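Each residue takes its place number in the sequence, starting with 1. Only a predicted model underlies this, so the values are computations on that prediction, with no experimental measurement involved.
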Amino acid sequence: MNNMFDVIVVGGGHAGCEAALASAKLGCKTLFITLKIDKIGFMSCNPAIGGVGKGQLVKEVDALGGEMGKAADATLIQFRMLNSSKGYAARSSRAQIDRKRYNMYMRNYVLSRENLTVLEDEAIGLDIQKGACKGVNTKHHGIIASRAAILTPGTFLNGIIHIGMEHSQGGRIGESASCELSKNLSSTGLRMLRLKTGTTPRLDGKTIDFSGLAAQEGDKNIIPFSFWTEKIGIEQKPCFVTSTNCRTRDIIMENLDRSPLYTGKIKSTGVRYCPSIEDKIFKFPDRISHTIFLEPEGLDTDEYYPNGISTSLPYDVQEKIVHSIAGLEKAEITKPGYGIEYDVVDPTELNATLEAKAVKGLFLAGQIDGTTGYEEAASLGLMAGINAAMQIKAKAPIVLDRSQGYIGVLIDDLVTKGTAEPYRMFTSRVEYRLTVREDNAHIRLSGIGRSLGLLSGEQFTKVEKEKENIEEIKKALKTMSVTAGKEINDLLEKKFSQTPLRGPTTLYGLLKRPGITLDDVMGMAKWDGRYSYSEKIQAEIDTKYEGYIRRELSYISKFKKIEKMHIPEGFDYLRVTGLSREIKEKLSKFKPRSLGQASRVSGVTPAAIALLMVKLHAQE
């Protein structure tokens, strides 16, 4: 440990794994510090990857050269495409994951990488000299020198666990918190916030009565998260559905005086879109039933995760809640649910590269940035690892804008707008979601992954071949035609209730019809094209939504113009005549990198942007 490292990554969760792997793959000598090596890549909460807005993040991490998608494919035990009845822009992949196998996959992958040293120790502080991070201070190995550091402590930063009125320090149940590091971070001048999250009790599946519960099977057509996964070869398992009832509501209402949420013990802000069961019952007392999904934790365990009853109520109340629910009358709790409060850094303290504005060479990723979720953490970790490496190599940073992907929206929202609660990604946060869909992530972003060296030439060649095939399909649609006939018209009427054909038409025109798919068109034309699911879906979307896509691309073009107007480092807003004092102070604090980012700072008016545009043009 006496040697100089290029990058030190602190924290072994999803952000830490992606950060360390990216840094090492990019040729940086990387040290990965974790409290417990056997917990690398551990899933602290629900046994699932993906979800609405989150599946897109996993696909983008994969397209850039990250590992989460491949790890999920190797360990998924149920796959579902969410919002499959809606348009393609809203569809998101979600998979139940074998928690133990995912942990083993990621740990073994990390331990086998070149340029990557793993150290089991606790980071207790940073070595900061003249405003730059020069290393990390550890409990057992002292100060270890580095040229950059990436902090990914998850919920461990001064974490406090709440189970009823019992409170103890911890980053995860049964594991100690990182308190000294939190104090050290506060001393750097970074603005700290306090957030809260929670998890459900775990149940022994051998004590659950599944006989009266509805099984929720996965999709038969499993679409891998990773573009480079050939097939899914692991056994699949169903989830089961149950719900709360009047008795559950009464138990919770009778015990609110023992809830840390409602007695004032927990003061920090929790996750808006994943509230505790007591929060749901209190805020919606007239709603009797709240759905609970019983999710298997793996193939080699009987443990289940009852998604929907996250709670910090006392253990005895948790038992009563569980036993009030159909199918769980005799269920045994293997681990209690709990709430956890932890420190984070105000994300507006960060640049779009995820480097702290006040400390050169210090990057932050994951929940410390104010997010919640494995997928958000992995995305931030990957980008922090990339940009730490780019800084060391004296190369330009990689910053995705809002038109390039969900990762760009995630980071821009955090560093520009900040957050007062744990941030969760949704499709609704993305302005250009018709063109930054889940299915085309590799088309959009693999060029960046290849240019960095995170993707191999063979991987990129496969993407380029798919692009060619998509264009080939679209060309064939416009050149091939079918004629009106009884066979086709009977099929149109029977399957789609469509107006019959009156004369010949191109396959392109036929595919434009509502409800018609590319497979239908290929069948009508007796066209035996051998294309992948991904190729057909993208060709179909490009055809059906051609006009909408063209309009969105025009919006993106306008967005790019203002986004490309970079604001020089050190730009003096105080000298811009016509800006209000409030706007001058806000822009001086946020230090936006472009006119586009300045326009998204709260309180900055269109008139102010127009003034800045004139000023920037005058300086050219």
Partner residues of Y262 under the side chain to side chain donor-acceptor pair (under 3.5 Å) criterion, sequence neighbours left out: D279

Side chain to side chain contact (heavy atoms under 4.5 Å, CB included) involving T263 - partner list, sequence neighbours excluded: M165, K265

Any pair counted as side-chain hydrogen bond (donor to acceptor under 3.5 Å, both in side chains), so long as it reaches residues 42-53, sequence neighbours left out: S44-R172

Intermediate values then yes/no, salt bridge (Lys or Arg N to Asp or Glu O under 4.0 Å), K54 and E376: CA-CA 7 Å; K54 291 170 174 280; E376 290 87 346; 2.8 Å; yes

Pairs touching residues 319-351 that satisfy ring-ring contact (aromatic ring centres under 6.0 Å, His included), sequence neighbours left out: none

Partner set under salt bridge (charged side-chain N to carboxylate O under 4.0 Å, His left out) for D413, not counting sequence neighbours: R402, K417

side-chain hydrogen bond (donor to acceptor under 3.5 Å, both in side chains) partners of residues 268-277, not counting sequence neighbours, each pair once: S268-E341, R272-E421

Close aromatic pair by centroid cut-off 6.0 Å: F42 and H14: no

Pairs satisfying side-chain hydrogen bond (donor to acceptor under 3.5 Å, both in side chains), at least one member in residues 28-40, at least two apart: S23-T30

Modelled atom types, side-chain donor and acceptor of S226 and D62, under 3.5 Å: yes

H290: ring pair (Phe, Tyr, Trp, His ring centres under 6.0 Å) partners, not counting sequence neighbours: none

Partner set under salt bridge (charged side-chain N to carboxylate O under 4.0 Å, His left out) for D219, not counting sequence neighbours: none

Side-chain donor-acceptor pairs of residues 379-388 under 3.5 Å, sequence neighbours excluded:
{"from": "S379", "atom 1": "OG", "to": "E375", "atom 2": "O", "distance (Å)": "2.9"}
{"from": "N387", "atom 1": "OD1", "to": "I398", "atom 2": "N", "distance (Å)": "2.7"}
{"from": "N387", "atom 1": "ND2", "to": "T353", "atom 2": "O", "distance (Å)": "3.4"}
{"from": "N387", "atom 1": "ND2", "to": "M383", "atom 2": "O", "distance (Å)": "3.2"}
{"from": "N387", "atom 1": "ND2", "to": "I398", "atom 2": "O", "distance (Å)": "3.1"}

Residues in salt bridge (charged side-chain N to carboxylate O under 4.0 Å, His left out) contact with E122, at least two apart in sequence or another chain: K139

Salt bridge (charged side-chain N to carboxylate O under 4.0 Å, His left out) partners for R107, two or more places apart: none

